[in-house]
Amino acid sequence: MALRVLSNGGITVTATSVVGLQWGDEAKGKIVDLLTERHDVVVRYQGGANAGHTVVRGGEKFKLSLIPSGIFRPEVQCVIAGGVAVHPGSLIGEIEGLAARGVQVGANLLLSDRAHVIFPWHLEEDRLLDRQCTAGEALGTTQRGIGPCYRDKYGRSLAVRLGDMYRPNFRRRIEQIIVVKNRILAALDPAGETSPLDAVKIFEEYSAYAEKLRPHVTDTTAFLLDALEADRRVLFEGAQGALLDVDHGTFPFVTSSNSSGVGVSAGSGVPGRYLTKVVGVVKAYTTRVGGGPFPTEQDNPIGQQIRDRGNEYGTVTRRPRRCGWFDAVAARYTARLSGVDAVAVMLLDVLSQLPEIRICTAYELDGQRLRHFPSHVDDLRRVTPVYETLPGWQEEIQQARKLSDLPENVHKYLERLSQLLGRPVEVVSVGADREETIFVPQHNDERKQN
Ligand code: GDP
Ligand code: IMO
Ligand code: MG
């Protein structure tokens, strides 16, 4: 993939962002791992441990939730920026889990003092509210306390940021918040199945976490701005997918952060004008975990075949993912929204052996063709997808390492996706391992394929 380096008022900067264009799990982790070798800093800027990013290196599989997928290269600085919701216990567990497998996590991980902290009450609220809020259909959250933590962030009065844990009034703060939270939890749970939370216990638990995390905690906004001004190359790793964006996704069946490209600035503190390349990641088909409309869903043997071949079970919750055809209406919308320059098409190997493959190229609503992706979920629920059918391919393609290794029908499929998205396909993935990747030579590309 060509990296574009812009000369910007005398300062040369390169900042790349990787964003999922569907409902998450597009294999962003794999792409970030691959692109890390061309960057100095890798940043997570939104979401939390609801994310599950998989990196497969030499056949060994790693699942990352909060730690950036750049962590496997010790010379790269990883950053968890202020827009992330952090459960300190989960983060420590992840650091220790990596260390036990020989992956060094020390000064190479920075953690923003502005990041909001997830507490036990957030986990309880997530559990109790999931079904009640969305009138009938459960949101199906990952139960990691993400929504309740962001709600408190925007509400402000009950929020705690990581930096607050090191201040003398931290204990008092917990005591004050817990009085209110115990009342809220009692109201949410009239059956009284949950017992009141204990301020002293939580204070002690979180003080211990704070001590363990202390070496990592800093002002990451200042760090990133300094890094960019010093010409260091920064890679932003989006979590979730753009259709789960709280403002621009399929609300209310979304996550609670800006998971489309628009979230990079707010979450990291880095102005959008620094970005020189945006890579949109898509699966060669579509999946969704949890509730909400999914126009191209195949709740039938085809969907099951995709689920089986793609091992489509949640990285975080192991829930079976809902599977369906590629939705070019949705992905074109999110590619435009996120300012995508180039597309990475992932899990293409999963589609082998299907007699034919469909792509949704338009939506109809009440007999009319829609010009745009619907902004209201009720309309999205009612659309009829218009499909184009392409011939499938029977060959397994996991061994392909260059475009010419791929069957003709794969070329046709990729060309059509690229045309519908209005962007070049620069990466094609045919397996989970980093080796199972094809970089597509672009015009003016200095990288030559062997
Ligand atoms: P992320 O959340 O976007 O990082 O994606 P996940 O890790 O949740 O899900 C992607 C899954 O697909 C992981 O199990 C990856 O190891 C796997 N994967 C990545 N690329 C490919 C590919 O090209 N083919 C296949 N079969 N699996 C892949
Ligand atoms: P990665 O980064 C897929 C979904 C949940 C649920 C909704 C809200 O691995 O792509 P939340 O716990 O965030 O309040 O849940 O969002 N969801 C994801 N789906 N991949 C993810 O992350 C997701 N993170 C959240 O299933 O429908
Ligand atoms: Mg995932």
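Start at 1 and go down the list; that is how both ligands and their atoms are numbered.
- Excluding water, every protein N/O/S atom under 2.8 Å from the Mg ion (ligand 3) is given here by residue and atom: D25 OD1, G52 O.
- The part of R321 lying near ligand 1 is the side chain, judged by heavy-atom distances below 4.0 Å.
- Judged by the shortest distance from any of its heavy atoms, V254 lies inside the 4.0 Å radius around the atoms of ligand 2.
- By the 4.0 Å heavy-atom criterion, G20 is excluded from the residues contacting ligand 1.
- Of all atoms in ligand 2, numbered sequentially from 1 with element shown, those under 4.0 Å from a heavy atom of W23 are 3 (C), 19 (N).
- Between the side chains of T194 and D189, at least one donor-acceptor pair of N or O atoms lies under 3.5 Å.
- Contacts with ligand 1 closer than 4.0 Å are made by heavy atoms of both the backbone and the side chain of T54.
- Inclusion of H53 in the set of residues having an N or O under 3.5 Å from an N or O of ligand 2 is warranted.
- With a 6.0 Å radius and a threshold of 12 heavy atoms from other residues, nucleotides or ligands, D405 has its CG atom above the threshold.
- Residue-level proximity to ligand 1 for V430 is carried by the backbone, the only part with a heavy atom below 4.0 angstrom.
- Contacts with ligand 2 closer than 4.0 Å are made by no heavy atom of R144, backbone or side chain.
- Contact analysis puts G140 in contact with ligand 2, with a non-hydrogen atom separation below 4.0 angstrom.
- On a distance-only criterion, T255 and ligand 2 share at least one N/O pair closer than 3.5 Å.
- Under the ring-ring contact (aromatic ring centres under 6.0 Å, His included) criterion, Y209 pairs with Y206, sequence neighbours left out.
- The shortest N/O to N/O separation between G291 and ligand 2 does not fall below 3.5 Å.
- The closest approach between a heavy atom of G24 and any atom of ligand 1 is not below 4.0 Å.
- Look at G52 and you'll find a heavy atom under 4.0 Å from some atom of ligand 2.
- At a 4.0 Å heavy-atom cut-off, ligand 1 touches K30 through the side chain alone.
- Side-chain polar atoms of D152 and H122 form a donor-acceptor pair below 3.5 angstrom.
- Within a 4.0 Å radius of atom 22 (C) of ligand 1, the protein contributes one or more non-hydrogen atoms.
- Distance from atom 4 (O) of ligand 1 to its nearest protein heavy atom, with residue and atom name: G29 N, 2.9 Å.
- When only interatomic distances are considered, the shortest N/O to N/O separation between E26 and ligand 2 does not fall below 3.5 Å.
- Residue contact annotation: R321 has no non-hydrogen atom under 4.0 Å from ligand 2.
- Salt-bridge formation is detected for the pair R101/E60: a Lys NZ or Arg NE/NH1/NH2 atom is positioned less than 4.0 Å from an Asp or Glu carboxylate oxygen.
- Between the side chains of D379 and Y363, no donor N or O sits under 3.5 Å from an acceptor N or O.
- A donor atom on one side chain and an acceptor atom on the other are not found under 3.5 Å apart for Q353 and E395.
- Near A239, meaning under 4.0 Å from one of its heavy atoms, ligand 2 places the atoms 2 (O).
- Between the side chains of T287 and D25, no donor-acceptor pair of N or O atoms lies under 3.5 Å.
- Near A51, meaning under 4.0 Å from any of its heavy atoms, are these atoms of ligand 2: 1 (P), 2 (O), 9 (O), 22 (O).
- Ligand 2 places these atoms under 4.0 Å from at least one heavy atom of L244: 4 (C), 16 (O), 17 (N), 18 (C), 19 (N).
- With hydrogens left out, the protein atom closest to atom 24 (N) of ligand 1 is D349 OD1, 2.7 Å, a heavy atom.
- Checked against a 3.5 angstrom limit, the closest N/O atoms of A27 and ligand 1 fall inside it.
- A side-chain N or O of Y285 and one of E312 form a donor-acceptor pair less than 3.5 Å apart.
- In F253, neither the side chain nor the backbone holds a heavy atom less than 4.0 Å from any atom of ligand 2.
- Ligand 1 lies out of reach of R434, whose nearest heavy atom is not under 4.0 Å from it.
- In terms of protein heavy-atom proximity, atom 12 (O) of ligand 1 is closest to L347 CD2, 3.7 Å.
- With ligand atoms numbered from 1 in the order given, ligand 2 contributes 27 (O) to contacts under 4.0 Å with heavy atoms of G290.
- Side-chain contact of S260 with D245: a donor-acceptor pair under 3.5 Å is present, judged by distance alone.
- Atom CZ of R336 has 12 or fewer neighbouring heavy atoms from other residues, nucleotides or ligands inside a 6.0 Å radius.
- The protein heavy atom nearest to atom 17 (C) of ligand 1 is A432 CB, 4.0 Å.
- Contacts between D126 and ligand 2 below 4.0 angstrom, taking non-hydrogen atoms only, are absent altogether.
- Contact annotation: K28 has at least one heavy atom less than 4.0 Å from an atom of ligand 2.
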